[in-house]
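I have placed the structure first, in the form of structure tokens, so that the comments after it can refer back to it.
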Amino acid sequence: MTAETPGQRYRRRVGDNSVQNAQNMGSNLVGLPTGLLMGADFNAFPLPLHIAGTRETHAALFSALAETTDQESAGLCFQHYLEAQFPTATTRSGDDARRFRAQYLRLLHGWGFDSNSPEGAVLKAWVESRFGIPATFHKAVIGRYGSPAWQQYVMDKTSSRFDNNAIRLQLDLLFEFAQWFLRHFAATGQRHVRLYRGTNDFAEHPMISRIDAHHGVIRLNNLVSFTRDRGIADEFGDIILEVEVPLVKVLFFNGLIPCHPLKGESEYLVIGGDYAVRMDYY
């Protein structure tokens, strides 16, 4: 008997309707229809996600990680590998001008300061290119092609200051390392993590359907911040969103690597789409 494909397994779990609704969605590098990846059904019944070719190309990294025995040594192994593969030392061109070389840590720093910064746009563009999930908000709701919000997003995500030094390949490795780390250290045997986000309205993440006053489905931006600490979420808005996030959609979290700029708020960077949420009001 031939083995089931990921798509066949998913069809058996959630039925044919979700699959049929996903046929015309955009392409990605993880081998499942984008419509499935965006759907609340996928988030409830996640499948493993891997960016095509990343682990094979960087087999030396994952061989080295297999020799580590604790979280800190694994994080240091990852950071040292990326420093060697994607050096960020400033170089000089023929006219003696300095050239900025992008690094994933600098993108995380920019995101932590403002998710609508150019660094944030580059991160959202990476999600689009790898998972096919479009950005829906960047400084404003991104409407039709050619709209002012869309133009601003395109300008920011193609900024030569941050979209260089193979930055998308760096982010590919960050995602694959996060998935490896979660399985080996942080969330062994788990499929979801309960996270929280504070907000004051639903302009950035519109309501798709409402079950009752406290439950519904919202459409999150293609990359969004959550926290594991309910008390921290309270500081960011009067509406607290509680979500069971599939670990396969986690790009980054506090504790993944020893040195990073997002330590203060127990922050998780999560790939978006449609999520079932519980809403509490204050």
Side-chain angles (χ1 to χ4, degrees), residues 26-31 34 37 48-66 68 74-135 138 153-182 222-223 248-253 256-262 269-272:
S27 61
N28 58 64
L29 295 181
V30 294
T34 299
L37 299 178
L49 296 177
H50 294 288
I51 298 171
T54 301
R55 292 202 175 201
E56 294 80 0
T57 302
H58 299 277
L61 168 62
F62 293 95
S63 294
L65 288 171
T68 62
L76 287 171
C77 177
F78 173 77
Q79 289 193 288
H80 293 157
Y81 183 86
L82 261 69
E83 288 167 2
Q85 291 292 314
F86 307 97
T88 58
T90 303
T91 59
R92 293 178 180 272
S93 61
D95 60 1
D96 208 38
R98 291 187 179 276
R99 180 174 180 268
F100 182 91
R101 305 192 76 178
Q103 184 199 38
Y104 72 102
L105 287 173
R106 288 173 176 155
L107 294 190
L108 295 176
H109 181 271
W111 176 276
F113 182 74
D114 180 7
S115 62
N116 293 306
S117 62
E119 297 97 319
V122 173
L123 284 162
K124 295 168 190 173
W126 171 80
V127 175
E128 287 184 332
S129 66
R130 273 40 182 174
F131 298 88
I133 302 174
H138 185 72
Y153 171 58
V154 170
M155 183 183 304
D156 285 351
K157 76 178 184 178
T158 56
S159 168
S160 60
R161 180 170 174 80
F162 298 105
D163 190 9
N164 67 65
N165 200 25
I167 191 63
R168 295 189 183 187
L169 299 183
Q170 294 184 47
L171 295 173
D172 291 348
L173 279 167
L174 180 63
F175 174 78
E176 290 291 348
F177 173 59
Q179 296 302 304
W180 180 92
F181 191 96
L182 286 165
N222 69 349
L223 188 66
V248 299
K249 282 195 169 182
V250 172
L251 169 63
F252 186 82
F253 58 95
L256 180 62
I257 53 179
C259 302
H260 67 84
L262 299 179
L269 265 61
V270 172
I271 295 162

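Sequence positions, counted from 1, serve as the residue numbers for this chain. As the structure is a computational prediction, the values presented were derived from the model and not from experiment.
- Here the CD atom belonging to Glu56 is positioned 10.5 Å from the NE2 atom belonging to His58, to the nearest 0.5 angstrom.
- Here the straight-line distance linking atom CG of Leu108 with atom CG of Leu251 works out to 7.0 Å at 0.5 Å rounding.
- Annotation for Leu173 and Leu61: closest pair CD2-CD2, 3.9 Å, computed over non-hydrogen atoms.
- Between the CD1 atom of Ile133 and the NZ atom of Lys124 there is a distance of 14.0 Å, given to the nearest 0.5 Å.
- Of the possible donor and acceptor atoms, one in the side chain of Gln179 sits under 3.5 Å from a partner among the backbone N and O of Val250.
- The heavy-atom pair separating Ile271 from Phe175 by the smallest distance is CD1-CE1, 4.0 Å.
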Between Trp126 and Arg168, does a side-chain contact (heavy atoms from CB on, under 4.5 Å) hold up when you go through it step by step?
CA-CA 6 Å; Trp126 171 80; Arg168 295 189 183 187; 4.0 Å; yes

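- In this structure, Trp180 and Ala66 approach most closely via the heavy-atom pair CZ2-N, 4.2 Å.
- Across every non-hydrogen atom of Thr54 and Glu176, the tightest pair is CG2-CG, 3.7 Å.
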Verdict with supporting geometry, Thr68 and Leu76, side-chain contact (heavy atoms from CB on, under 4.5 Å)
CA-CA 10 Å; Thr68 62; Leu76 287 171; over 6 Å; no

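- To the nearest 0.5 Å, atom CG of residue Leu171 and atom CZ of residue Phe252 are 11.5 Å apart.
- At least one side-chain heavy atom of Leu105 sits less than 4.5 Å from a side-chain heavy atom of Ile257.
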May I have the step-by-step check of side-chain contact (heavy atoms from CB on, under 4.5 Å) for Phe162 and Ile167, ending in yes or no?
CA-CA 8 Å; Phe162 298 105; Ile167 191 63; over 6 Å; no

Please step through ring-ring contact (aromatic ring centres under 6.0 Å, His included) for the pair Tyr104 and Phe177, ending with a clear verdict.
CA-CA 13 Å; Tyr104 72 102; Phe177 173 59; 9.6 Å; no

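- Nearest heavy-atom pair, Asp114 versus Ser117, reported as atom, atom and distance to 0.1 Å: O-OG, 2.7 Å.
- Considering every non-hydrogen atom in both Leu82 and Gln170, the closest pair reads CD2-O, 4.1 Å.
- Separating the NZ atom in Lys249 from the CG atom in Asn222 is a distance of 10.0 Å, to the nearest 0.5 Å.
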Stepwise, does the side-chain contact (heavy atoms from CB on, under 4.5 Å) test hold for Glu128 with Lys157?
CA-CA 11 Å; Glu128 287 184 332; Lys157 76 178 184 178; 3.2 Å; yes

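- Here the straight-line distance linking atom CG of Asp172 with atom OG of Ser129 works out to 7.0 Å at 0.5 Å rounding.
- Side chains of Leu174 and Leu256 form a contact here, defined as non-hydrogen atoms less than 4.5 Å apart.
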